[in-house]
Amino acid sequence: MSLDADNLIVRRKMRRRVSFWRAICIALAVVTLVALAYGSSGSGFNLGKRADHVARIRVEGMITGDTKTLDMLREIEKAKQVKALLVHIDSPGGTTAGSEAIYERLRAIAKDRPVVAVMNTVAASGGYITAIAADHIVARGNTITGSVGVIFQWAQVEKLLSNIGIDMQERKSGSQKAEPNMFSEPSVETLAVTDAMIRDSFVWFTDLVKERRKLSGPQMTLISDGRVFTGRQALTSKLVDKLGGEDEAIDWLSTEHKISKDMKVIDWEPAPADGAGSLGLFGLSTVARWLGFSAAVDALEARTVKLDGLLVLWHPNLR
């Protein structure tokens, strides 16, 4: 009987230990999942972000002024521990309104801390709008930049439809409603209205460049035909301030704003756009990136971007 009692006591102790360690494991798993999910957001679960640092963001691909990116920039604006902002740009541009939104958010950050842009392969059109929001612009010698201009495109398919026996019918409230459209040749009035719209955005763009880069009339005439420049040409034309990369940008922060070169540079990223439920951690694109397929994910996401409206885009065919 004594042996049975001892065995019973031992079993109970083992059960209690197993239950204790099971609870510990479950708690650790929950904490890990929450930390990883939170860490995948722009604000992130990153202890380094609680200390003074230089924030680094990347503006890549088509610029649409998406909510996730704008939210990240608002978080950076509110983060007092961010002492400066590095903006890496590799973009041919995007929508005019989206580029305007990014520009405004960057200028809001620049009110009380330095912002420096680092141009990589391409920083043209809307990418250049992003760059001029910075207080200092660094470009590679072979960066493609410039493309100051606005474009509005539509297809004309009325002849194709006529050839296959399709006749489009419509009724509308005014002559310029939904014009221009692909189903009919634009009228002189429609082209005039469209040109006026493009001109208005173009004046906004060129005024922005003139104000931010302090360019003269002849200098503005040179860039206003929409041409692109290499980084070296852009330096001569005063579109950028320095040739180089991130090291030169940090040198400027140190020299002009007394930001220590030893201050940690921390990446900020927008919260994932996909996901299951509120975590957003187990979205397919996130998993694919973890597995090393970032390039494929970027290509697929680029194909889904909608670029309706006025564009500040170097290569419209990238649509």
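Predicted model only: the values in this text are computed from it and were never measured.
For Q176, the side chain to side chain contact (heavy atoms under 4.5 Å, CB included) criterion is met by E179, S187, E189, T190, V193, not counting sequence neighbours. Not counting sequence neighbours, the partners of S184 by the side-chain hydrogen bond (donor to acceptor under 3.5 Å, both in side chains) test are N181. Residues passing the side chain to side chain contact (heavy atoms under 4.5 Å, CB included) test with R74, sequence neighbours excluded: L70, D71, R105. For the ring-ring contact (aromatic ring centres under 6.0 Å, His included) test, no residue two or more places apart in sequence or in another chain qualifies with H88. Residues passing the side chain to side chain contact (heavy atoms under 4.5 Å, CB included) test with K210 are M220, sequence neighbours excluded. Not counting sequence neighbours, the partners of R113 by the side chain to side chain contact (heavy atoms under 4.5 Å, CB included) test are V82, I109.
Here the options are I129, V150, I198, the test is side chain to side chain contact (heavy atoms under 4.5 Å, CB included), and the partner is T96; only V150 passes.
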Self-check item: Verdict with supporting geometry, L208 and I132, side-chain contact (heavy atoms from CB on, under 4.5 Å)
Solution: CA-CA 8 Å; L208 209 60; I132 61 176; 4.0 Å; yes
Pair L239, I223 - check side-chain contact (heavy atoms from CB on, under 4.5 Å), show working. CA-CA 9 Å; L239 296 180; I223 69 170; 4.0 Å; yes
Give the C-alpha distance, both sets of side-chain angles, the deciding distance and a yes or no for side-chain contact (heavy atoms from CB on, under 4.5 Å) between R212 and Y103. CA-CA 12 Å; R212 295 294 300 154; Y103 173 88; 3.3 Å; yes
Check the pair S224, F202 against side-chain contact (heavy atoms from CB on, under 4.5 Å), reporting the backbone distance first and the verdict last. CA-CA 9 Å; S224 294; F202 177 64; 3.8 Å; yes
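V116 and L106 are members of different hydrophobic clusters when ILVMFWY side chains are connected at heavy-atom separations under 4.5 Å. Hydrophobic clustering, with ILVMFWY side chains joined whenever heavy atoms are under 4.5 angstrom apart, groups V240 together with F229. Hydrophobic clustering places M182 together with M168 (ILVMFWY residues linked when any side-chain heavy atoms are closer than 4.5 Å, directly or through intermediates).
For the pair H53 and W268, the minimum side-chain heavy-atom distance is below 4.5 Å. Side chains of T145 and V228 form no contact here, defined as non-hydrogen atoms less than 4.5 Å apart. Two residues are said to be in side-chain contact when any heavy atoms from C-beta on lie closer than 4.5 Å; L243 and V138 fail this criterion. Under the 4.5 Å side-chain criterion, counting only non-hydrogen atoms from C-beta, R227 is in contact with L222. Taking the side chain as every heavy atom from C-beta outward, T143 and T230 never approach each other to under 4.5 Å. At a threshold of 4.5 Å between non-hydrogen side-chain atoms, the residues I266 and V54 do not count as touching. Inter-residue side-chain proximity for V209 and Y128 is flagged as met; some heavy-atom pair is nearer than 4.5 Å. Looking at P270 and M72, their side chains come closer than 4.5 Å, going by heavy atoms from C-beta outward.
Using modelled atom types, no side-chain atom of D200 and backbone atom of A196 make a donor-acceptor pair closer than 3.5 Å. Side-chain N or O atoms of S162 include none that pairs as donor or acceptor with a backbone N or O of E158 at under 3.5 Å. Side-chain atoms of K214 come within 3.5 Å of backbone N or O of E211 as a donor-acceptor pair. Using a distance-only test at 3.5 Å, with no hydrogens or angles considered, no donor-acceptor pair links the side chain of E104 to the main chain of A101. Between the side chain of K159 and the main chain of Q156, no donor-acceptor pair closer than 3.5 Å is present. Judged purely by atom type and a 3.5 angstrom limit, S91 uses its side chain to pair as donor or acceptor with the backbone of G93. Under a 3.5 Å cut-off, the side chain of S147 and the backbone N or O of A124 do not form any donor-acceptor pair.
Taking the six-membered ring where tryptophan is involved, the planes of W252 and H257 are perpendicular, since the angle between them exceeds 60° and thus also 30°.
Here the CG-CD1 distance, from D251 to I259, works out to 13.0 Å after rounding to the nearest 0.5 Å. Note that NZ of K238 and CD1 of I137 are 14.0 Å apart. Values are rounded to the nearest 0.5 Å. Annotation: the span from K242 atom NZ to L235 atom CG amounts to 9.0 Å, rounded to 0.5 Å. Between E77 atom CD and L85 atom CG the span is 11.0 Å, to the nearest 0.5 Å. Atom CD1 of I250 and atom OG of S260 lie 10.0 Å apart (nearest 0.5 Å). Rounded to the nearest 0.5 angstrom, D267 CG and I57 CD1 are separated by 10.5 Å.
Inspection of the Q219 and S216 side chains reveals an N or O donor paired with an N or O acceptor under 3.5 Å. Side-chain contact annotation: R58 with N120, donor-acceptor N/O pair under 3.5 Å absent.
Looking at D241 and R213, a side-chain N of the basic residue comes within less than 4.0 Å of a carboxylate O on the acidic one, giving a salt bridge. Remark: R56 engages E246 in a salt bridge, criterion side-chain N to carboxylate O under 4.0 Å. A salt bridge links D135 with R107: the distance from a Lys NZ or Arg NE/NH1/NH2 to an Asp or Glu carboxylate oxygen falls below 4.0 Å.
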